[in-house]
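Note sheet for the following structure.
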Amino acid sequence: MYTIEAATELLIRGFGGKFAARGNPWVHTSTEPQGPGQVSAWIDFTAIPEEAGVLSGGERRFLLLAASLAEDVPVVLGDLVPGLDRDNLDLLLAAIAHAGGSHQHSDVRFNQDGSMSLGKGYLDSLHPWPPVLRAVQ
């Protein structure tokens, strides 16, 4: 599930969250309330390549990368990554680290006698998610 989590975070964090908003053809919500004021939502990542619509080149690349992380949608990284701006490249690196489970890797240490032991538990992510910047209103 780390891959789906990472791809979902990309959509939530990239481009002000507009690709995770209702109204996108790949965002679905339940018709039945799951509790007071709550509905379930999910993303059909396989619909992104066909349903992307009119987008900038960077937006399209970003969406295809998210779809590829979540659902094995084939992409050529060499075609998509060079067109990302710095902020979205930062998000992609964090997504790849999350998809790989780097935030759950154990701190395994090798002792001088050849035995192994655990250090402090889990290591930090290789590339943490950048802080979410909120627009001033």
Side-chain angles (χ1 to χ4, degrees):
M1 295 291 294
Y2 291 152
T3 56
I4 293 172
E5 289 175 5
T8 302
E9 279 292 326
L10 278 177
L11 296 188
I12 291 169
R13 291 169 175 262
F15 295 94
K18 75 178 185 178
F19 296 126
R22 288 183 184 175
N24 288 305
W26 50 85
V27 177
H28 303 279
T29 56
S30 62
T31 56
E32 298 294 321
Q34 305 299 307
Q38 297 178 343
V39 296
S40 293
W42 64 96
I43 298 168
D44 179 6
F45 286 98
T46 60
I48 287 176
E50 295 85 31
E51 301 290 339
V54 179
L55 302 168
S56 73
E59 290 172 329
R60 181 151 185 78
R61 284 188 283 278
F62 187 82
L63 284 172
L64 289 172
L65 287 162
S68 181
L69 266 176
E71 293 291 340
D72 298 327
V73 172
V75 298
V76 178
L77 287 177
D79 291 343
L80 300 180
V81 173
L84 295 177
D85 64 24
R86 188 173 182 87
D87 291 338
N88 289 314
L89 184 57
D90 192 19
L91 288 173
L92 178 62
L93 291 172
I96 290 170
H98 186 89
S102 74
H103 61 292
Q104 291 288 306
H105 290 171
S106 296
D107 184 15
V108 176
R109 298 176 183 209
F110 293 93
N111 302 316
Q112 287 185 347
D113 64 2
S115 64
M116 294 187 306
S117 61
L118 287 177
K120 63 178 182 175
Y122 291 121
L123 297 170
D124 294 333
S125 176
L126 284 172
H127 193 95
W129 291 102
V132 176
L133 302 175
R134 300 280 180 213
V136 178
Q137 296 186 14

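As the structure is a prediction and not an experimental result, all values here were calculated from the model.
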Could you grab the distance from atom [atom1] of [X] to atom [atom2] of [Y], nearest 0.5 Å is fine?
X     : Y     : atom1 : atom2 : result
Met1  : Ile4  : CE    : CD1   : 4.5 Å
His28 : Asp44 : NE2   : CG    : 4.5 Å
Asp90 : Leu84 : CG    : CG    : 11.0 Å
Asp85 : Arg61 : CG    : CZ    : 9.5 Å

Within one Ile-Leu-Val-Met-Phe-Trp-Tyr cluster: [X] and [Y], side-chain cutoff 4.5 Å:
X      : Y     : value
Leu126 : Leu10 : no
Trp42  : Leu63 : no
Ile96  : Val81 : yes
Ile12  : Ile43 : no

Min side-chain heavy-atom separation Val73-Ile48 under 4.5 Å: no
For [X] against [Y], the heavy-atom pair lying closest together:
X     : Y      : result
Leu91 : Pro130 : CD2-CG, 3.6 Å
Asn88 : Gly14  : OD1-CA, 4.0 Å
Ala6  : Leu69  : CB-CD1, 4.4 Å
Leu80 : Leu64  : CD1-CB, 4.0 Å
Trp26 : Ala47  : CB-CB, 4.2 Å
Leu77 : Pro82  : O-CD, 3.7 Å

Test log, rule side chain to side chain contact (heavy atoms under 4.5 Å, CB included), inputs Leu11 and Asn24: CA-CA 11 Å; Leu11 296 188; Asn24 288 305; over 6 Å; no
For Phe15, ring-ring contact (aromatic ring centres under 6.0 Å, His included) partners two or more places apart: Phe19, Phe62
Option passing side-chain hydrogen bond (donor to acceptor under 3.5 Å, both in side chains) with His98 (candidates Glu5, His127, Glu9): Glu5
Parallel, tilted or perpendicular: ring planes of Tyr2 versus His103, cut at 30 and 60 degrees: perpendicular
Donor-acceptor contact below 3.5 Å, side chain Thr29 vs main chain Ser40: no
Expected output: side-chain Asn111 to main-chain Asp113 donor-acceptor under 3.5 Å: no
